[in-house]
There are 2 protein chains.
Amino acid sequence: MNKKQELAEAATDHALEHGLIGLSLRPLAAAIGTSDRMLIYHFGSKDELVAAVLAVSNERSIAIIRKVPPSGSVRQAVMDLWGAFGDRQLQRCQRMYVEAAALGLFGREPYATSVVGSNDGWMVAMTAHLRASGAGVTEAPGLAALVDATFNGLMLDRPLESDDVARRIVEDLADALERATTGTGHPGNE
Amino acid sequence: MNKKQELAEAATDHALEHGLIGLSLRPLAAAIGTSDRMLIYHFGSKDELVAAVLAVSNERSIAIIRKVPPSGSVRQAVMDLWGAFGDRQLQRCQRMYVEAAALGLFGREPYATSVVGSNDGWMVAMTAHLRASGAGVTEAPGLAALVDATFNGLMLDRPLESDDVARRIVEDLADALERATTGTGHPGNE
DNA sequence: ACGGCAGTGTAGCAACTGCTACAGTGGGAA
DNA sequence: TTCCCACTGTAGCAGTTGCTACACTGCCGT
């Protein structure tokens, strides 16, 4: 059991670096000092290996988000969450999540299922941070979904835009949300 | 030349339906009534075929966006653009774009290069619509990037959320941006 | 009539894929 | 000592991949 966990961690490190899409057993095994034979032995199939890798990556992502201390306002919460996205480890986890989500878009397994599971835990953590930073109970989930979607979208275009540009876009979003949530009433979903 | 164009269109149709990631020449060729031999003959390599497919898809996407008539306000512009995303053809084009972008995240060619090119034209079209709907010259590009990122992010989680949920999130964004752009001064990048 | 050239089918290559069969190791329990 | 079991290496299978060599068609200009 311990061995399996070690392999899962090592495989995750490798996948975070080299991507999930072209992942194949033999190169992966060689890189982490084992053999394809062993990976199949411990995980049963490549699909289960991939599911394990996605689970490990998701745990790491959530752990990083949970460490962000509560912010003083919704605006600051958005900026602080974005700051957390500056963490290279989190960036790689998100990058791989985007890969998995893209694969899941066409219903491929185990990606589609893993993505749903990962997203659940992730949204809980995002929502919790917004709540702790002053967002209302009813509005927090919607805000979290909006912020998450925007961050993921920016991740997709990250190679295109400098970090400065992305940061300014996030500032626009943060400002807009601050006005929306503190203004007279708040928008959308009551 | 004509034949090549026909093949590119047919290949695009097939890729929009079945995805770009697992795409391989023989099944694709069989589906569109030709042979792998012919695809290589006309395009030279699979990479060039893929580049052609992405270009065709991008042209279609932009054509759809350009048809959206100018909206009366920034809020309405965001909602109208989102409405355009309800178009199934556009949805599939965006879905494939997300696939290409995910592949490009790790620097894979020809995806990374194609994605940059596609994004340029796409952002021009998005910006143009926001401009025509009342957004200022300086703020329109930032708004377009923000809206685009959010839409793409929502696309990633589309299997997770009902269209109603996504729509409410977009409404939140539209309301927030409307307040931000018509309020006293406007946020971020002056 | 003839040469050339765009287009096409058939067969195949070398590399790679996930996975399996077989044959072992070593150590710890009885 | 004996047995068992977690673990491992070697070889290989059947299938798929992008791509190519070779041979052939038909049409079009001369």
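Numbered from 1 within each chain, the chains take letters A, B, ... in sequence-line order. These values consider heavy atoms only, across backbone and side chains, with no hydrogens, waters or symmetry-generated copies.
If you measure from atom NZ of A/K3 to atom P of C/dG26, you get 16 Å, rounded to the nearest angstrom. When rounded to the nearest whole Å, the span between CD of A/E48 and P of C/dG18 equals 15 Å. Rounded to a whole Å, the CZ atom of A/R37 is 12 Å from the P atom of D/dC7. Rounded to whole Å, the distance from CD1 on A/I40 to C1' on D/dC7 is 15 Å. A straight line from NZ of B/K46 to P of D/dT16 spans 15 Å, rounded to a whole angstrom. One atom, CG of A/L28, and another, C1' of C/dG18, lie 13 Å apart when rounded to the nearest Å. With rounding to whole Å, B/F43 atom CZ is found 12 Å from C/dT8 atom P. At whole-Å resolution of the value, CG in A/D36 and P in D/dG9 are 10 Å apart.
When heavy atoms are screened at a 4.0 angstrom cut-off, B/S45 is found touching the sugar-phosphate backbone but no base atom. Residue A/L23 is in sugar-phosphate contact alone, with no base atom involved, counting any heavy-atom pair closer than 4.0 Å across all strands shown.
The phosphate of D/dA6 (OP1 or OP2) has no side-chain N or O of A/H42 nearer than 4.0 angstrom.
Between A/E48 and A/K4, none of the side-chain N atoms (NZ, or NE/NH1/NH2) sits under 4.0 Å from a carboxylate O, so this pair counts as no salt bridge.
With hydrogens and angles left out, the side-chain atoms of A/Y97 and A/N119 include a donor and acceptor closer than 3.5 Å. At a cut-off of 3.5 Å, with distance as the only test, no side-chain donor of A/W122 or A/N58 sits close to an acceptor on the other residue. Side-chain atoms of A/T150 and B/T150 form a donor-acceptor pair, as typed in the model, at a separation below 3.5 Å.
Closest heavy-atom contact between A/Q94 and A/M155: CB-CE, 3.7 Å.
Residue order along DNA chain D, read from the 5' end via each residue's closest nucleotide, puts A/Y41 first among A/R26 and A/Y41. In terms of position on DNA chain C, the residue among A/G22 and B/T34 whose nearest nucleotide sits closer to the 5' end is B/T34.
For B/S24, the listed nucleotide lying nearest its side chain is D/dT17; candidates were C/dT17, D/dT17, C/dG9.
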